Enquirer: 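Handing you this structure, nothing more for now.
Note that the coordinates shown come from a computational prediction; the quantities given were computed from them, not determined experimentally.
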Amino acid sequence: MTDGTPVTEKSDHPKAATSAYEREVRLLQRDHRVPSVSAALARQDRPLWTLEVAGPELAKGTDAQYRIGSVTKTFTAVLVMQARDAGLLDLDDTVAQHLDVPRHGDLTIRRLLSHSSGLAREPYGDVWDTLDVPDSGKLLADLTHIESVLPTSRRFHYSNLGFAILGHLVARLAGSTWEELVVDRLIRPLGLTRTTVTQQGPVAQGYLVDAFSERVRPETGLDFGGVGPAAQLWSTAADMATWAAFLAKPDEKVLAGSTVDEMVHPLMVTDEMDWKLALGLGLMVVPRGDRVVHVGHTGGMPGFIAGVFCDRASGVGAAVLGASGTAGQIAAVPHKLLELSAELDEPQIQPWVPGEAPPDEIVSVLGHWWTEGTQFTFSWKDGKLEGRAAGQPKQIPPAIFERLTADLYRTVSGREAGEHLRLTRGDDGKVVRMNWATYRVTRDQQTF
């Protein structure tokens, strides 16, 4: 006996799905010559799936840490958004409003998050040549030597330096360090027990794989110092799949779902001629066809490449971490795992559950209306008024309205988001006309 509320029960992954996941990871390891690779898939209705593929001498187990590189940026971005939600900053604030910097203080937080500030890519000095990385004090002092290589908002330009600045900015607001903040605000609350600022064994060794032979050469370890908020973290595939699932369906005690909605809104495409990747607020947004979008980030450090992505619609998270600095395909395999999960392991169909009757003041709004020559259906679902165009595919969300005053509503999502819906009533109190974004909405089809 149940009350009709949908319940998500965990059950084993279908064998066909796990076989397909394993095949993708094994093909990656063999065909792209990755010394060791660890993969994981996290979804609410299944146990965590993990796999390590490595030669006997390199195997460390699925609990081994890998360098996740720029996936770290997603943690820093969430810290920034937490600070914004707490009222400590506004995304259009300049850096100088919160952090004492000798130059580039006029850049905004929003532009740094979306890699559209025009700031140079790296800190002053040839850090990837010398591997001499500045601490936070020197990194900020050296901004006097740093160029803006492009006009602000002109185009996408990736900047590790920009994210380092953001990390130190939110740490200053919290009266802490970035290292302490990322542990206290994210890693510990989400139970990411194998995600750390410095490595904690077992740890995979990162390698450079020779292009013309079977030789591999170990890469040196590198503490990213003052650039840590851009690329410092170590983690496991299991923790990163869990993190990706959090970005899909966040724990509201850590970050509001509406804030993640804001973070995944594309602000800048990486290539204006090839719209395959966009940046939101610290998150990569990857279209996969038929309104499927994967959200997350890739990462690379000497000897390591990582891909961590989620399907926000399904709530599934995937991570693939590899001990090779040359196998770029590592970052593509999470997308394949997410697609295989959707294709071979569809979620359980939840039953429809009757809901409450609409409020009296809404009853005369429900039904068919016309505006701009197009028919719309207004319905009451899940305690909200919604509007959907005739013939609109189910996968396209409806417009959702929230009541402001007696006969005035705000469109909070979907078509005409942000605009008003205004109701006009007749002598009998029933709604006879509406205006949506100022356009007249009538019961019959009318000319302008």
Side-chain angles (χ1 to χ4, degrees), residues 68-85 89-93 95 107-119 121 150 152-167 169-170 186 229-231 240 243-252 254-272 274-289 291-299 306-319 331 334-335 338 397 412-414 417-418:
I68 63 169
S70 288
V71 179
T72 302
K73 291 181 174 67
T74 62
F75 285 77
T76 298
V78 169
L79 290 175
V80 172
M81 299 307 290
Q82 284 181 332
R84 193 286 305 273
D85 289 352
L89 59 82
D90 186 274
L91 296 183
D92 293 314
D93 286 350
V95 169
L107 298 179
T108 68
I109 294 168
R110 187 187 306 277
R111 289 302 174 188
L112 290 173
L113 281 171
S114 59
H115 294 288
S116 58
S117 70
L119 189 66
R121 180 182 175 108
L150 289 170
T152 297
S153 309
R154 170 64 182 85
R155 57 166 295 169
F156 168 82
H157 184 72
Y158 197 79
S159 179
N160 284 317
L161 177 57
F163 261 80
I165 292 170
L166 289 173
L169 186 153
V170 292
L186 298 177
M240 285 299 93
W243 172 250
F246 163 78
L247 294 175
K249 307 289 183 185
D251 180 343
E252 296 278 338
V254 177
L255 192 69
S258 59
T259 298
V260 180
D261 292 342
E262 187 178 353
M263 295 176 73
V264 304
H265 188 84
L267 295 180
M268 186 67 66
V269 293
T270 59
D271 186 334
E272 64 272 21
D274 187 18
W275 294 24
K276 293 181 180 177
L277 175 64
L279 264 293
L281 296 170
L283 296 176
M284 291 180 172
V285 183
V286 185
R288 301 297 290 181
R291 295 186 64 82
V292 175
V293 174
H294 293 171
V295 172
H297 216 286
T298 59
V308 178
F309 287 91
C310 68
D311 178 343
R312 292 205 72 218
S314 66
V316 180
H335 300 295
L338 291 172
V412 294
S413 63

Enquirer: For a quick test of reading the model, state the closest non-hydrogen atom pair linking P287 to W275 and the distance between them.
Expert: CG-O, 3.8 Å

Enquirer: How long is the span from the CG atom in L281 to the CE atom in M81, to the nearest 0.5 Å?
Expert: 5.0 Å

Enquirer: Once you round to the nearest 0.5 Å, how far does OH of Y158 lie from CG of L279?
Expert: 8.0 Å

Enquirer: Distance check, rounded to the nearest 0.5 Å: H297 atom NE2 versus I68 atom CD1?
Expert: 10.5 Å

Enquirer: Is there side-chain contact between L255 and F246, with at least one heavy-atom pair below 4.5 Å?
Expert: yes

Enquirer: Hey, are the side chains of L112 and V95 touching, using non-hydrogen atoms and a 4.5 Å cut-off?
Expert: yes

Enquirer: Report yes if some heavy atom in the side chain of F163 is under 4.5 Å from a heavy atom in the side chain of H115; otherwise report no.
Expert: yes

Enquirer: Could you report the tightest heavy-atom contact between P266 and V285, atom names first, then the distance?
Expert: CG-CG1, 4.3 Å

Enquirer: Which heavy atom of S70 sits nearest a heavy atom of N160, and at what distance?
Expert: OG-OD1, 3.9 Å

Enquirer: Which distance, rounded to the nearest 0.5 Å, do you find between the CG of L283 and the NZ of K73?
Expert: 12.5 Å

Enquirer: Is there a side chain to side chain contact (heavy atoms under 4.5 Å, CB included) between I109 and V80 once you walk through the steps?
Expert: CA-CA 9 Å; I109 294 168; V80 172; 3.8 Å; yes

Enquirer: Name the orientation class of the two ring planes belonging to F309 and H335 (parallel below 30°, tilted from 30 to 60°, perpendicular beyond 60°).
Expert: tilted

Enquirer: Of the non-hydrogen atoms in A244 and G317, which two are nearest, and what is the gap between them?
Expert: CB-CA, 3.7 Å

Enquirer: Look at the rings of W243 and F75 and say which category their plane angle falls in: under 30° parallel, 30 to 60° tilted, over 60° perpendicular.
Expert: parallel

Enquirer: Sorted by first residue and then second, give each salt bridge (Lys or Arg N to Asp or Glu O under 4.0 Å) pair with at least one member in residues 306-318; sequence neighbours left out.
Expert: D261-R312

Enquirer: Among S153, S117, S159, whose side chain to side chain donor-acceptor pair (under 3.5 Å) with R111 holds?
Expert: S153

Enquirer: Can you name the nearest heavy-atom pair linking A318 to P334, along with the distance?
Expert: CB-O, 3.8 Å

Enquirer: I'd like to check L338 versus R288 (side-chain heavy atoms, cut-off strictly below 4.5 Å). Are they in contact?
Expert: no

Enquirer: Minimum heavy-atom separation for G315 and A245, please, with both atom names.
Expert: O-CB, 3.8 Å

Enquirer: Would you compute the distance between atom CE of M268 and atom CG of L113 and round it to the nearest 0.5 angstrom?
Expert: 12.5 Å

Enquirer: Using 0.5 Å steps for rounding, measure from the OG1 atom of T298 to the CG atom of L277.
Expert: 8.0 Å

Enquirer: Under the side chain to side chain contact (heavy atoms under 4.5 Å, CB included) criterion, do M263 and V78 qualify, and how do the steps go?
Expert: CA-CA 9 Å; M263 295 176 73; V78 169; 4.0 Å; yes

Enquirer: Could you check whether any side-chain heavy atom of L107 comes within less than 4.5 Å of a side-chain heavy atom of I165, counting everything from C-beta outward?
Expert: no

Enquirer: Just by modelled atom types, is the P229 backbone N or O under 3.5 Å from a matching donor or acceptor in the T76 side chain?
Expert: yes

Enquirer: R84 versus T259: any side-chain heavy-atom pair under 4.5 Å?
Expert: yes

Enquirer: With side chains defined as the heavy atoms from C-beta onward, is the minimum distance between L169 and L89 less than 4.5 Å?
Expert: yes

Enquirer: Compare all side-chain heavy atoms of V254 with those of Q82 and state whether any distance is below 4.5 angstrom.
Expert: yes

